[in-house]
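Okay, structure first, notes after.
Convention: sequence-line order gives letters A, B, ...; per-chain numbering from 1. Quick note: numbers below take in every heavy atom, side chains included, and nothing from hydrogens, waters or symmetry partners. Keep in mind that what you see is a predicted model, and the values were worked out from it rather than measured.
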Protein chains: 2
Amino acid sequence: MTQPDTAPNEPPKPKRLSSEARRQDFINQAIEFFAEEGFESSTRGLAKKLGVTQPLLYRYFPSKSDLISEVYDAVYVKRWQPEWEPLLRDRSRPLADRLNTFYNVYTNAIFNREWMRIFLFSGLKGVDINRRYMQLVRQRILEPILIEARVEFGLPDIPPKDCEVEFVWVMHGGIFYYGVRDLIYESAISTDKERVIADAITAFMAGLEIKLNRPYQT
Amino acid sequence: MTQPDTAPNEPPKPKRLSSEARRQDFINQAIEFFAEEGFESSTRGLAKKLGVTQPLLYRYFPSKSDLISEVYDAVYVKRWQPEWEPLLRDRSRPLADRLNTFYNVYTNAIFNREWMRIFLFSGLKGVDINRRYMQLVRQRILEPILIEARVEFGLPDIPPKDCEVEFVWVMHGGIFYYGVRDLIYESAISTDKERVIADAITAFMAGLEIKLNRPYQT
DNA sequence: AATTTAATTTGTCATTCGATAAATAAGCAA
DNA sequence: TTGCTTATTTATCGAATGACAAATTAAATT
């Protein structure tokens, strides 16, 4: 159980975390705290959760809103995986397969209580990073899906129409809202996430084929 | 422009609203206020919007949380229309038609900034009325849709399976999330609500037919 | 061990919060 | 008008809030 504090001739293990590591620890716990209590909750409540006094927070963050910005950054930016887009664009596999894989890994990243609640809280606050996230989803996920679909259906490679993007959004939103029901409202019925995703994609692909093959509609 | 205050031999028009009418006016403005600012916002801010002083609120409502309960009631309960369910069950029309009509009138009722924001705020607070609303949607909308679908597809009339309800939830949630994007995130692309709904229902019906005709899957 | 540096706490501030009591103003009935 | 009732404001309480300065403790360095 016990480990030597340090090997011979090595620098002694610091008893404290580095300033940066401690800061990160504060941010991680702040994610949990604000996700549960909302961003209006007090810095004293957070300090209590951290086991420190409230003024200490101001040693690590200039203000409450700076701390909140770091929380946003840790949740929105750092949990986004760049490999998601190439996964969707891998034409060696049928699009339905790619969609199933993608939505399983994507929801593995975002279907947790902290992420979901922070997303909803920040959306209600109307913060800019929320808007940027929605644009990221559109550009890196939804529009690539439409481009891949046109290729798979043998249709000409023209840019997606707005109402087509909207159609992908509805599928995406349906899956997303399943996560909201599961993790926020705790009212999901089936917890078989893979099955829910597979069914949503089946309907989406069927609907998309109908939709894309009606060129006379705007 | 000017009107006589009262006709002869009629009781004089009261210069003040009745106590109950004033109370209702306060509730209606409180809906706007809390929808925009969140339930954590101060009673002083609300009083300012009402053009009265803050202690006056305590003449009409015993406490802030009582006022909030009245807001919930006005939004969740009083805006629910009982005729929605019979509309879905009207077998003289094809189910896809009924779904289109229903989702157009349903979204007319709930796709407004106040309703949406109050729903999201209360969901994050985990209040009981939110849970009850989700059950209402399931029992009065989603399960009836599944029953009607089985009839239309000529399938035996057995109770809906959980994963089937989940499938309807995903369609419902996709449409709902379109409203969230439009009214909360203000990131909706197309504002042609009817079209978005029609496309969602096309995909849903196609997917549902596939799903219900695979009896060997649980 | 002595000294320096960084981490943390104590104490406190001005402001804002929900709520109450008492004073005032406005409408109504006689 | 006069008196009564209700509506509204003024003044205030205690608690909680974000933030700051100074004092204290603990670790690291010499």
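Among residues at least two apart or in separate chains, ring-ring contact (aromatic ring centres under 6.0 Å, His included) pairs with a member in residues 41-71 of chain A are F26(A)-Y60(A). Among residues at least two apart or in separate chains, salt bridge (charged side-chain N to carboxylate O under 4.0 Å, His left out) pairs with a member in residues 98-110 of chain A are R98(A)-E148(A), R98(A)-E152(A).
As a whole-Å value, the separation of L56(B) CG from dA26(C) P is 14 Å. When rounded to the nearest whole Å, the span between CG of D66(A) and P of dG18(D) equals 14 Å. Distance K48(A) NZ to dT9(C) C1': 17 Å, rounded to the nearest Å. As a whole-Å value, the separation of L50(A) CG from dT9(C) P is 11 Å. Here dA19(D) presents its P atom at 18 Å from OH of Y60(A), a figure rounded to the nearest Å.
More than 12 heavy atoms of other residues, nucleotides or ligands sit less than 6.0 Å from atom CD of E85(A).
Judged by the 6.0 Å distance and 45° axis criteria, K193(A) is not positioned over the aromatic ring of Y178(A).
Salt bridge present: D162(A) and R138(A) bring a charged side-chain N and a carboxylate O closer than 4.0 Å.
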- nucleotides 16-23 of chain C: protein proximity per nucleotide (B base, S sugar-phosphate only, - neither; heavy atom, under 4.0 Å): -BBBB---

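Among the heavy atoms of the strands, none lies under 4.0 Å from F61(A).
Put simply, the residue from E37(B), E32(B), E36(B) that forms a side chain to side chain donor-acceptor pair (under 3.5 Å) with K49(B) is E32(B).
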